[in-house]
Amino acid sequence: MVAFISLLLGLAGFGSWGSQAVEAAQLTKVTYPNNATSKPEMYIYVPDKVVAKPPLVVVIHSCQSSASSYFQNSKIPWKKGSDNKGYITLWPSSPHSGTCWDVSSKRSLSHNGGGDPQAISNMILYAIDKYGADRDRVYVTGGSSGGMMSNVLAATYPELIKAVSLYSGVPAGCFVSSSGGVAQWNNTCSGGQSRASAEAWGNVVRNMYPGYSGPRPKMQIWHGSADSTLAPQNYQETIKQWTNVFGVGQTPTSSVKNFPERNYQTDNYGDMVQGIYATGVGHSVPSNLTASEIWFGL
Ligand SMILES: *[C@@H]1O[C@H](CO)[C@@H](O)[C@H](O)[C@H]1NC(C)=O
Ligand SMILES: *[C@@H]1O[C@H](CO)[C@@H](O)[C@H](O)[C@H]1NC(C)=O
Ligand SMILES: *[C@@H]1O[C@H](CO)[C@@H](O)[C@H](O)[C@H]1NC(C)=O
């Protein structure tokens, strides 16, 4: 009886000063063991109703953004997904001026090369260790510079990632800097002039982690046809790259028009590569939480 009354009082409390008590979870900065040269910050969001052995989604921001502003951006609805489904989200924050990710230097474009991807891999390992995230259900998403980094992470740390859903990026290794510069812009790539055979693009990925022969994340690649920041040709080049890595052809095995939205087309290349081309959409294609979660199996 006493327990029953206190339950009622508890419910009354819930009703009156509800949301703060219930939704206490916040984006939190975390100090993590990081043996990379690069020192991006780590932020984590553990929802109040976290599931046991939670999946982990790494959400990578664009240029001129940060973990906290990306977290608050309503077009990047991963907090909502985390609240609804109980998975953890990890938000790396770029250390570079202008906050683009370094996808141009050798240290980033190689497994354990010391760059941003190595630091992010350290964050993933720490999230598994400290928060009990499921190491078999680690996913990566990002837009623009974050989309580029998603491709680079897939190439450099394939053993850690199950699936990637990236928006409006460029192929892994496309933004390379010939002088080795860190976080450099590359006009040839952004303008869509970096074109190569599927084999050559596949080699770029394989050479970032020589000798690796384990599983690789399945790749979902979104791009808009009206992208004037990262030319739409980058979509074709990225599809070439990953179809080659997975040893499948560049003719879709199935296509769905007007899916997942009107004027978008979904092309499947076997089970591991999916392209979604958004006709009339510019930079950057807005995240579709539902479609990315489905790709991740969440
Ligand atoms: C950095 O730490 C990771 C995770 O513990 C380890 O696998 C890797 O070998 C280390 N890399 C270097 C360059 O020390
Ligand atoms: C830009 O990237 C391409 C590969 O996509 C590379 O060949 C070229 O050297 C890079 N440009 C500069 C200025 O580093
Ligand atoms: C996102 O994709 C789902 C299918 O996965 C679709 O039903 C939904 O309409 C899309 N969302 C938006 C905002 O278009």
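In listed order, ligands and their atoms are each counted from 1. The figures here come from the full heavy-atom set of this structure, side chains too, leaving out hydrogens, waters and symmetry mates.
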Would [X] count as being in polar contact with ligand 2, using the rule that some N or O on each side must be under 3.5 angstrom apart?
{"X": "N186", "value": "yes"}
{"X": "S178", "value": "yes"}
{"X": "F175", "value": "no"}

Quiz prompt | Euclidean distance, F296 CZ relative to K162 NZ, rounded to 0.5 Å | solution = 13.0 Å
Quiz item: Hey, what do you get for NE2 (H61) to OG (S68), rounding to the nearest 0.5 Å?
Solution: 9.0 Å
Numbering as shown, the atoms of ligand 1 that approach [X] to under 4.0 Å (heavy-atom distance):
{"X": "N35", "result": "1 (C), 2 (O), 3 (C), 8 (C), 10 (C), 11 (N), 12 (C), 14 (O)"}
{"X": "L125", "result": "4 (C)"}
{"X": "N112", "result": "8 (C), 9 (O)"}

Quiz item: Is there a side chain to side chain contact (heavy atoms under 4.5 Å, CB included) between V30 and Y131 once you walk through the steps?
Solution: CA-CA 11 Å; V30 173; Y131 301 94; 3.4 Å; yes
Self-check item: W185 and F175 aromatic centres sub-6.0 Å
Solution: yes
Self-check item: Check: Y157 ring centre within less than 6.0 Å of H111 ring centre
Solution: yes
Quiz item: With respect to D83, which candidate in K79, K85, K80 satisfies the side-chain contact (heavy atoms from CB on, under 4.5 Å) definition?
Solution: K79
Quiz item: Do the ring planes of W242 and F246 sit parallel (below 30°), tilted (30 to 60°) or perpendicular (above 60°)?
Solution: tilted
Practice problem: Select all protein residues for which some heavy-atom-to-ligand 3 distance is less than 4.0 Å, and list them by chain and number. | Solution: F259, P260, E261, N288, A291, I294
Self-check item: Check: S94 main-chain N/O paired with T99 side-chain donor or acceptor under 3.5 Å
Solution: no
Quiz prompt | K39 NZ: over 12 foreign heavy atoms closer than 6.0 Å | solution = yes
Quiz item: Using heavy atoms and a threshold below 4.0 Å, how should the contact between V176 and ligand 2 be classified: side chain, backbone, both, or neither?
Solution: both
Exercise. Identify, by atom number and element, the atoms of ligand 2 in contact range of S194, meaning under 4.0 Å from any of its heavy atoms.
Key: 3 (C), 4 (C), 5 (O)
Quiz item: Under 4.0 Å from any heavy atom of S177, which atoms of ligand 2 are there?
Solution: 14 (O)
Quiz item: Are F71 and W78 close enough, and set up right, to give a ring pair (Phe, Tyr, Trp, His ring centres under 6.0 Å), and what steps lead you there?
Solution: CA-CA 8 Å; F71 181 77; W78 288 96; over 10 Å; no
